[in-house]
Amino acid sequence: MESKYNPTEIEARRYQYWLDHKLFHSTPDGREAFTVVIPPPNVTGVLHMGHVLNETIQDVLVRRARQQGKNACWVPGTDHASIATEAKVIGRLEEQGIHKHDLTREEFLKHAWDWTEEHGGIILKQLRKLGCSCDWDRTAFTMDETRSKAVIKVFCDLYKKGLIYRGLRMVNWDPKFQTALSDEEVIHQDEHSKFYYLRYQVVEEPGKYAVVATTRPETIFGDIAVCINPKEEKNQWLKGKHVVVPGVGRVIPIIEDRYVEIGFGTGCLKVTPAHDMNDYALGQKYNLKTIDIFTPDAHLNMDTVEEELQANVRKYHGMDRFDCRKAIVEDLKAMDLVEKIEDYENKVGYSQRSNAVVEPRLSLQWFIRMQHFADIALGPVMNDDIVFYPSKYKNTYRNWLENIKDWCISRQLWWGHRIPAYYDADLLAETGWDKYPDDKIIVSETAPEGNYVQDEGALDTWFSSWLWPISLFDGIEHPDNDEIKYYYPTADLVTGPDIIFFWVARMIMAGYEYQGKMPFKHVYFTGIVRDKLGRKMSKSLGNSPDPLVLIDQYGADGVRLGILLSAPAGNDILYDDALCEQGRNFCNKIWNCFRLIKGWETADTEASMGDREAVTWFTLLLAKTEKEIDDLMSKYRLSEALMLIYKLFTDEFSSWYLEMIKPAYGQPICQKTYDSTLIFFERMLRLLHPFMPFITEELWHNIAEREDGATIMSADTMDWNADELIAMDPKGEFLQKIEDMKQVITGVRNIRASKNIAPKEQMTLIAPVEVSELVRKLANCTIEVGKEKPATAASFIVGTTEYSVPLDQFINVDEELQKLQADLEHQEKFLKGVMAKLQNERFVQNAKPEIVELERKKQHDAEQRIKTIQESIAALKK
RNA sequence: GGGCGCUUAGCGCAGCUGGUUUAGAGCAUCUGCCCUACAAGCAGAGGGUCGGCGGUUCGAAUCCGUCAGCGCCCACCA
């Protein structure tokens, strides 16, 4: 075996082994089910660091569940990602000189499917490189037949229940992709913009102006009124008057509403019902008409402006909204209708997908009534039927549900599930879409007979995602089938907090609506992977490493370990290659441990006293660590659990235990000790396996003969009961004894280091009581018990016991005295602190007796130590 | 504007209902070592008045208040 672990070949071989033996495949049986559904990545996406974090955590949970004897089933799949994919397909077609709207829906979908098949599933292949133990036989897609049927069925069902409706509403409109968005798809960002103060001439008082402050002067073409607060003093004179929209010439009334905030801006608000959510509300309240001045791609459309005003506005026709903003301001300036322009900070809504500025737009869309769902989904999370890790997200969740708004689920896209609503063709021709009567719409899973036209829209991607934990097991079409009954509810959901509303909350809603049960019992929210400067990783910054390159460099286990080591639930990770390096180094450590052990010859001799101590000690320590890891894992503290095993392996096992039992060069090791060592090694491999699957499976097959198809993922059947083992040393006295012994060894090594004495050179240790022969072995010294220490000795204290090492020519009395003096001061200061407590009557009276007792012991020990140090000082001074 | 959370060694963190030899690991740093498992390593070491101030208490990193800084989520002040 090479002295360096080489992951590439082993990873490929081990993964194939798992696949060949169908070790990830699950079918219902008598065992407890442990189900995880993957947050489906975009079908055409590629693996990034966020996935690495997310999927690694899921794999850890799933593999561990298998080891616990559960029937683990991790279902993979991909999401059709309606907007994102459609955009990519459009982009590719544009490159070929083809425009989407030159194609029929069918032609476009053909291209989209081609693209999906070409790029789809790349990410799933990449997950295999990472070691993900998904049940690939179950791979699903949100637009495959089963999932699509579920979506359509649910739509129809909710429509029947009156929970889905069609309505003309102000929605968030993405002018780039020309579709409606849900509120959640709009990202509000702070913006440095301008506040324009425009003069609206008052008709009744020529020469006087109402000044309106706006951030969007380009919308004045749609102004229908100017609103003031009836209580605002300075604007009283405007009551009942009319003003002229500057540059447009439209005469509009002054209206009054308390919505206008007194003291803000000029107190005059321009009302543009077609292009602002609030203005729309005002328009409704006062029955104002709307003039929509934008095309779907947010260019100016002057055709909607009154004919008599066309001459004034025609020049703006067809302009982009932002170009128009500049143009109209310039023109108004020329007419002296701009009073001033101020810098202004405000929030602007951007489309999550296209990054275009969202335009509020009046449009006919499909919505879900969300209050019903909020009602069924709030309780289970608040009372921890579904547990969030970390729990702080409960607040976020509650906040959203308590202020729920209806969900706009229709998109003006082709790639997605087409809305199963049908319109009578003749009637539609008569009424148009807007005026088509609701009661003449047929919502049905299959197209009705006759001359009907299907709704042009597709559904929001999340409308299929919210069914994922159910639809993966065909639980919508067949709510009582064996699989859904066995695998649902799933165990853990691992995802980012950024999709708590998009996905997590809605899955809970759908879960209760369609299965009457929670979709998962635990939700583990990961943090965001950032670069080491704390910046979010993004393609545009180019600060996101390619996980596959990292896997090549550090091995999948190394990358997994790196990303997990510093990833407490909900905390962001500052990614640094150094993390993967640490992971790789650890793999190497394990590898070399194995080489060492494997290289030993065994002999059927009696175990030495030292061996027996070492074995007993490590047995206790391992059992104790196993329990601690169980506890940490049950609290989803994965990085802490991992760190605990890491330390157990590197510090306790490699640095201490192996050195304790290591036979002299060329000598054999006692068979019994060897067997115990292999057991320890195997148990640690098992503990490590969920985190680093490849190397552990490989070595597991190397430490013993295994049947073909056997795996480290199998349930633990070793004769090993941690609780019973720990009970052998109920008060931890033996463990403490070894810890003290390690300190003695460190003490000697310390002296060596400070005196530059080579490890090879044997030293003498004077101890007041018998010490383990392991001290002799690990500190390379002879031990003299109870011997008077010579003046030229360096000493150290473990607990209250003094040990000394004669140094003869190496001693530096001044240095030694200085050290002792410093130690003495430290101890005296400590004692003083303890005494202060003990002399405080209120402490002695009020504190718990065991606390007082402890302080007394501290006092006693400190006094003991002080005495010892003083004696040493005296001896040295002689 | 509302809500939530954070502030502990150079860095990113742990420290649960206050008391466990006067704050813990990891990484990084420093010193010495190629000692026949591993230099992707070994043996040692240094480093923090627990954001500031006030309070409760015999006792506070831990509880309460307040101030400051940071972050996240939600929200229609044009």
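Note that the coordinates shown come from a computational prediction; the quantities given were computed from them, not determined experimentally. Chain letters run A, B, ... following the sequence lines, proteins first, then strands; residues in each count from 1.
Taking every side-chain heavy atom of A:Asn395 into account, B:C4 is the closest of B:C4, B:G26, B:A78. Picking from B:A78, B:C74, B:A25 the nucleotide with the shortest atom distance to the side chain of A:Phe501 gives B:C74. Among the nucleotides B:C76, B:C58, B:A78, the one closest to any side-chain atom of A:Asn278 is B:C76. Here the nucleotide nearest the side chain of A:Phe195, chosen from B:A78, B:C58, B:A75, is B:A78. For A:Phe264, taking side-chain heavy atoms from C-beta onward, the closest of the listed nucleotides B:C73, B:G41, B:A78 is B:A78. Checking B:U22, B:A78, B:G26 against the side-chain heavy atoms of A:Lys647 singles out B:G26 as nearest.
Residue A:Leu854 is in sugar-phosphate contact alone, with no base atom involved, counting any heavy-atom pair closer than 4.0 Å across all strands shown. The residue A:Lys598 sits apart from the nucleic acid: no heavy atom pair falls under 4.0 Å. Heavy atoms of A:Lys270 sit nowhere under 4.0 angstrom from any nucleic acid atom. Across all strands shown, A:Val844 has no heavy atoms under 4.0 Å from either base or sugar-phosphate atoms. Among the heavy atoms of the strands, none lies under 4.0 Å from A:Met277.
One finds the OH atom of A:Tyr397 at 9.5 Å from the CE atom of A:Met382 (value rounded to the nearest 0.5 Å). To the nearest 0.5 Å, atoms CD1 (A:Ile797) and OG1 (A:Thr800) are separated by 8.5 Å. Annotation: the span from A:Asn346 atom CG to A:Lys194 atom NZ amounts to 12.0 Å, rounded to 0.5 Å. One finds the CG atom of A:Leu288 at 7.5 Å from the CG atom of A:Leu282 (value rounded to the nearest 0.5 Å).
At B:C4, none of the side-chain N or O atoms of A:Asn399 fall inside 4.0 Å of OP1 or OP2 (strictly under the cut-off). The phosphate of B:A78 has OP1 or OP2 within less than 4.0 Å of a side-chain N or O from A:Tyr344. Proximity of A:Asn840 to the phosphate of B:C58: no side-chain N or O atom is located under 4.0 Å from OP1 or OP2. Between A:Lys405 and B:A75, a side-chain N or O to OP1/OP2 separation shorter than 4.0 Å is present.
Residues satisfying the side chain to side chain donor-acceptor pair (under 3.5 Å) criterion with A:Lys662, sequence neighbours excluded, are A:Glu659. The side chain to side chain contact (heavy atoms under 4.5 Å, CB included) check on A:Glu402 picks up A:Leu378, A:Arg398, with sequence neighbours excluded. In this structure A:Arg325 satisfies the salt bridge (Lys or Arg N to Asp or Glu O under 4.0 Å) test together with A:Glu218, sequence neighbours excluded. With sequence neighbours left out, A:Lys231 forms a salt bridge (Lys or Arg N to Asp or Glu O under 4.0 Å) with no residue at all.
For A:Lys647 and A:Asp651, the salt-bridge test fails: no basic side-chain N is under 4.0 Å from an acidic carboxylate O. Salt-bridge annotation for A:Lys755 and A:Glu815: present, with a side-chain N of the basic residue lying under 4.0 Å from a carboxylate O of the acidic one.
Listed by first and then second residue, the ring pair (Phe, Tyr, Trp, His ring centres under 6.0 Å) pairs involving residues 567-589 of chain A are A:Phe586-A:Tyr646, A:Phe586-A:Phe649 (not counting sequence neighbours). Identified under the side-chain hydrogen bond (donor to acceptor under 3.5 Å, both in side chains) test for residues 387-396 of chain A, with sequence neighbours left out: A:Asp384-A:Lys394.
Defined by atom type and a distance below 3.5 Å, a donor-acceptor pair is missing between the side-chain atoms of A:Lys627 and A:Thr625.
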Tabulate atom names and distances for all N/O pairs under 3.5 angstrom spanning the protein and nucleotides 12-14 of chain B.
from: B:A14; atom 1: O3'; to: A:Arg637; atom 2: NH2; distance (Å): 2.8

Listing time: all N or O pairs from protein to nucleotides 29-35 of chain B that are below 3.5 Å?
none

Just the table, please: protein N/O against nucleotides 36-38 of chain B N/O, every pair under 3.5 Å.
from: B:U36; atom 1: O2; to: A:Tyr665; atom 2: OH; distance (Å): 3.2
from: B:A37; atom 1: OP1; to: A:Lys662; atom 2: NZ; distance (Å): 3.4
from: B:A37; atom 1: O2'; to: A:Asn592; atom 2: OD1; distance (Å): 2.8
from: B:A37; atom 1: O2'; to: A:Arg595; atom 2: NH1; distance (Å): 2.8
from: B:A37; atom 1: N6; to: A:Ser654; atom 2: O; distance (Å): 3.3
from: B:A37; atom 1: N3; to: A:Asn592; atom 2: O; distance (Å): 3.1
from: B:A37; atom 1: N3; to: A:Cys593; atom 2: N; distance (Å): 3.4
from: B:C38; atom 1: O4'; to: A:Asn592; atom 2: OD1; distance (Å): 3.2
from: B:C38; atom 1: O4'; to: A:Asn592; atom 2: ND2; distance (Å): 3.4
from: B:C38; atom 1: O2'; to: A:Asn588; atom 2: ND2; distance (Å): 3.3
from: B:C38; atom 1: O2; to: A:Lys589; atom 2: NZ; distance (Å): 3.3
from: B:C38; atom 1: N3; to: A:Lys589; atom 2: NZ; distance (Å): 3.2

What pairs of nitrogen or oxygen atoms, one from the protein and one from nucleotides 44-48 of chain B, lie under 3.5 Å apart?
from: B:G44; atom 1: OP1; to: A:Thr746; atom 2: OG1; distance (Å): 3.4
from: B:G44; atom 1: OP1; to: A:Arg749; atom 2: NH1; distance (Å): 3.4
from: B:G44; atom 1: O3'; to: A:Asn750; atom 2: OD1; distance (Å): 3.0
from: B:G44; atom 1: O2'; to: A:Asn750; atom 2: OD1; distance (Å): 3.2
from: B:A45; atom 1: OP1; to: A:Asn750; atom 2: ND2; distance (Å): 3.2

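Stem regions for RNA chain B, each three or more consecutive Watson-Crick or G-U pairs with both distances under 3.5 Å and listed by first number, read B:1-7 with B:68-74, B:29-33 with B:41-45, B:51-55 with B:63-67.
If you take NZ of A:Lys635 and C1' of B:G15, they are 12 Å apart, rounded to a whole angstrom. Computed from coordinates, the A:Arg398 CZ to B:G2 C1' distance equals 13 Å when rounded to whole Å. Following rounding to the nearest Å, A:Asn229 (CG) and B:A78 (C1') show an atom-to-atom distance of 13 Å. Distance A:Glu402 CD to B:A75 P: 14 Å, rounded to the nearest Å. Atom CG in A:Asp223 sits about 11 Å away from atom C1' in B:A78, given to the nearest Å.
For the C1' atom pair drawn from B:C27 and B:A68, the interatomic distance equals 30 Å after rounding to whole Å.
Put simply, the side chain of A:Thr272 never gets that close to the backbone of A:Ala274: no donor and acceptor are under 3.5 Å apart.
Both A:Thr650 and A:Arg216 lie near RNA chain B, and the one whose nearest nucleotide falls closer to the 5' end is A:Thr650. The residue among A:Thr800 and A:Arg842 whose nearest nucleotide of RNA chain B lies closer to the 5′ end is A:Thr800.
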Just list the side-chain donor-acceptor pairs under 3.5 Å for residues 554-561 of chain A, sequence neighbours left out, or say none.
from: A:Asp557; atom 1: OD1; to: A:Phe694; atom 2: N; distance (Å): 3.2
from: A:Asp557; atom 1: OD2; to: A:Phe694; atom 2: N; distance (Å): 3.4
from: A:Asp557; atom 1: OD2; to: A:Ile695; atom 2: N; distance (Å): 2.8
from: A:Arg560; atom 1: NE; to: A:Phe691; atom 2: O; distance (Å): 3.0
from: A:Arg560; atom 1: NH1; to: A:Asp59; atom 2: OD2; distance (Å): 2.8
from: A:Arg560; atom 1: NH1; to: A:Leu130; atom 2: O; distance (Å): 3.0
from: A:Arg560; atom 1: NH2; to: A:Asp59; atom 2: OD2; distance (Å): 2.9
from: A:Arg560; atom 1: NH2; to: A:Pro690; atom 2: O; distance (Å): 2.8

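Ring-plane geometry between A:Phe525 and A:Phe388 is classed as perpendicular, the angle between the planes exceeding 60 degrees on a 0 to 90 degree scale with a lower cut at 30. Ring geometry for A:Trp591 versus A:Phe594: interplanar angle of 30 to 60°, hence tilted.
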